[in-house]
Protein chains: 2
Amino acid sequence: MVEKRTFSISELSQEFDVTTRSIRFYEDQGLLKPRRRGQTRIFSTKDRVRLKLILRGKRMGFTLAETKELFDLWDETLTGNEKQLLKMLEILEARRAQLEQQKNDIAQAEMEMDTAEARCREALAELQKKKKEQGLVPKETEEAVAQK
Amino acid sequence: MVEKRTFSISELSQEFDVTTRSIRFYEDQGLLKPRRRGQTRIFSTKDRVRLKLILRGKRMGFTLAETKELFDLWDETLTGNEKQLLKMLEILEARRAQLEQQKNDIAQAEMEMDTAEARCREALAELQKKKKEQGLVPKETEEAVAQK
DNA sequence: GATAAAGTTTACGTAAACGTAAAGTGGTTT
DNA sequence: AAACCACTTTACGTTTACGTAAACTTTATC
């Protein structure tokens, strides 16, 4: 049960909601290496995984070049050369630092969004109060409201 | 104690490690609005905060246009219009969803990096073992090694 | 008052990541 | 066989986010 399927370019395009143009571009840049039947591309499950990684990388702010570097490095790493292995470990460390930074950024952003939301709700509540007052004491002029 | 300082373009440039070109560009795009003394820019603490937000936004994968949209919206929100307030709350919700996605992406990436690192270390251990064997049984040919 | 240091505008250049025709290939459905 | 579909290549266009000179003021320093 090894899921030995293959995929057409439009299948992947639909599944991941990217244009075929993008997929071809990723191949052009060396990030995907589909087989060919004639001139038609045939994507393996490995290609599919890589596409998923590419897109996630993008969401995380990686450039295609960075992602490609990781792919290439990982391929080289599999050959078992010691220098490559050590370099891979280094790069993994660097990425972890980057992820830590991103996590901090996200936490910060969440806090600020909390206070922003709170202020919005306060302001809305204020407006509701004003409305009620207007309901009770109608026809207050705009200028008078503004002066509060 | 309101920290009422101002900043020159190069001060900010150095503090946040961005080029003056970038800072001028951000102004050009309407993200910063420094005062002027003659034609020289004078940045307030508010500008400084915004610059920080711009850079964090970039690290989080936001475009300048998106960040500007948030700035503008927040400014409008402060005027207290109800429609603006509700729109702001909507956008905040959307951003939260985006942050959740990013957190998932990061968690996934961390897991994969864990297994990648483990494999690297295994491979390295294997190499060390091979080296020892070579030390004990020297002059093994490359072909023989490859056949294992 | 010359000269350097830091600031400015204007404007063309560039890399990344595709978009968008245009024109052709290969299979299959009617 | 005509028409249609999915796929292809080639190639120029576009947006974003600056880089990089060039030529010019303004301010500080010797």
Side-chain angles (χ1 to χ4, degrees), chain A residues 5-44 47-48 50-73 95 98 101-102 105, chain B residues 5-44 47-48 50-72 98 101-102 105:
Chain A
R5 277 202 59 202
T6 64
F7 310 86
S8 77
I9 194 169
S10 52
E11 277 175 322
L12 291 183
S13 160
Q14 286 169 33
E15 178 175 0
F16 294 111
D17 194 35
V18 293
T19 65
T20 59
R21 175 68 176 92
S22 296
I23 295 178
R24 293 198 188 95
F25 182 72
Y26 299 151
E27 179 187 4
D28 213 58
Q29 301 300 303
L31 288 147
L32 297 175
K33 286 162 191 173
R35 290 167 24 225
R36 300 283 180 137
R37 206 187 63 201
Q39 57 175 9
T40 301
R41 278 162 255 251
I42 299 182
F43 296 87
S44 66
D47 291 317
R48 208 182 82 124
R50 292 219 155 174
L51 179 54
K52 201 185 291 185
L53 290 176
I54 293 169
L55 299 176
R56 195 170 72 203
K58 293 201 66 183
R59 287 198 303 272
M60 295 174 59
F62 293 164
T63 68
L64 294 182
E66 285 171 324
T67 300
K68 176 180 159 56
E69 203 191 332
L70 262 184
F71 285 177
D72 291 351
L73 208 69
R95 293 283 178 201
Q98 211 174 334
Q101 166 76 310
Q102 289 201 24
D105 288 340
Chain B
R5 276 202 61 203
T6 65
F7 309 86
S8 75
I9 194 168
S10 52
E11 277 175 322
L12 291 185
S13 159
Q14 286 170 32
E15 179 175 358
F16 294 110
D17 195 34
V18 293
T19 64
T20 60
R21 175 68 176 93
S22 295
I23 295 178
R24 293 198 187 95
F25 183 73
Y26 299 151
E27 179 186 5
D28 213 60
Q29 302 299 303
L31 289 149
L32 297 175
K33 287 163 189 172
R35 292 168 22 228
R36 300 282 179 137
R37 206 184 64 200
Q39 58 176 11
T40 300
R41 277 163 257 253
I42 299 183
F43 296 87
S44 67
D47 291 316
R48 208 182 81 123
R50 293 218 154 176
L51 180 52
K52 202 184 293 187
L53 289 176
I54 293 170
L55 298 177
R56 195 171 69 204
K58 293 201 66 184
R59 285 197 304 271
M60 295 174 58
F62 293 164
T63 68
L64 293 183
E66 285 171 325
T67 300
K68 176 181 160 54
E69 203 190 332
L70 262 183
F71 284 176
D72 291 351
Q98 210 173 335
Q101 166 76 311
Q102 289 200 22
D105 288 339

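Only this structure's heavy atoms are used, side chains among them; waters, hydrogens and symmetry mates stay out. Chain letters run A, B, ... following the sequence lines, proteins first, then strands; residues in each count from 1. In this text the structure is predicted, and so the values were computed from the model without any measurement.
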Notebook entry, point to check: So, is Thr19(A) close to the dG19(C) phosphate, meaning a side-chain N or O under 4.0 Å from OP1 or OP2?
Noted result: yes
Check: In terms of side-chain heavy atoms of Gln39(B), which of dT25(C), dT26(D), dA6(D) is nearest?
Finding: dT26(D)
Check: Quick one: is Arg36(A) getting a side-chain N or O under 4.0 Å of the dT9(D) phosphate, OP1 or OP2?
Finding: yes
Next item on the list: Side chain of Thr63(B) only, please: which of dT8(C), dC18(C), dA17(D) is the nearest?
Entry: dA17(D)
Margin query: Between the base of dT8(C) and the side chain of Arg41(B), is there a donor and acceptor pair under 3.5 angstrom?
Written below: no
Next item on the list: Identify the heavy atoms of Leu55(A) and Val18(A) that sit nearest to each other, and give their distance.
Entry: CD2-CG1, 3.6 Å
Checklist line | Under-4.0 Å side-chain N/O to phosphate OP1/OP2 contact, Thr40(B) with dT27(D) | finding: no
Notebook entry, point to check: Tyr26(A) has an atom OH; how far is it from atom P of dG19(C), in whole Å?
Noted result: 8 Å
Margin query: Counting only side-chain heavy atoms from C-beta out, which of dC7(D), dA6(C), dA17(D) sits nearest to Lys58(B)?
Written below: dA17(D)
Note to self: With nearest nucleotide decided by heavy atoms, which residue, Arg37(A) or Phe25(A), maps closer to the 5′ end of DNA chain C?
What the structure shows: Phe25(A)
Next item on the list: Please determine if a side-chain N or O atom of Ser22(A) lies less than 4.0 Å away from the OP1 or OP2 oxygen of dA17(C).
Entry: no
Next item on the list: Determine the minimum heavy-atom distance between Glu11(A) and Thr6(A), stating which atoms define it.
Entry: OE1-O, 4.0 Å
Item checked: Side-chain donor/acceptor of Arg24(B) to base of dT9(C), under 3.5 Å -> no
Check: Are OP1 or OP2 of dC7(D) and a side-chain N or O of Thr20(A) less than 4.0 angstrom apart?
Finding: no
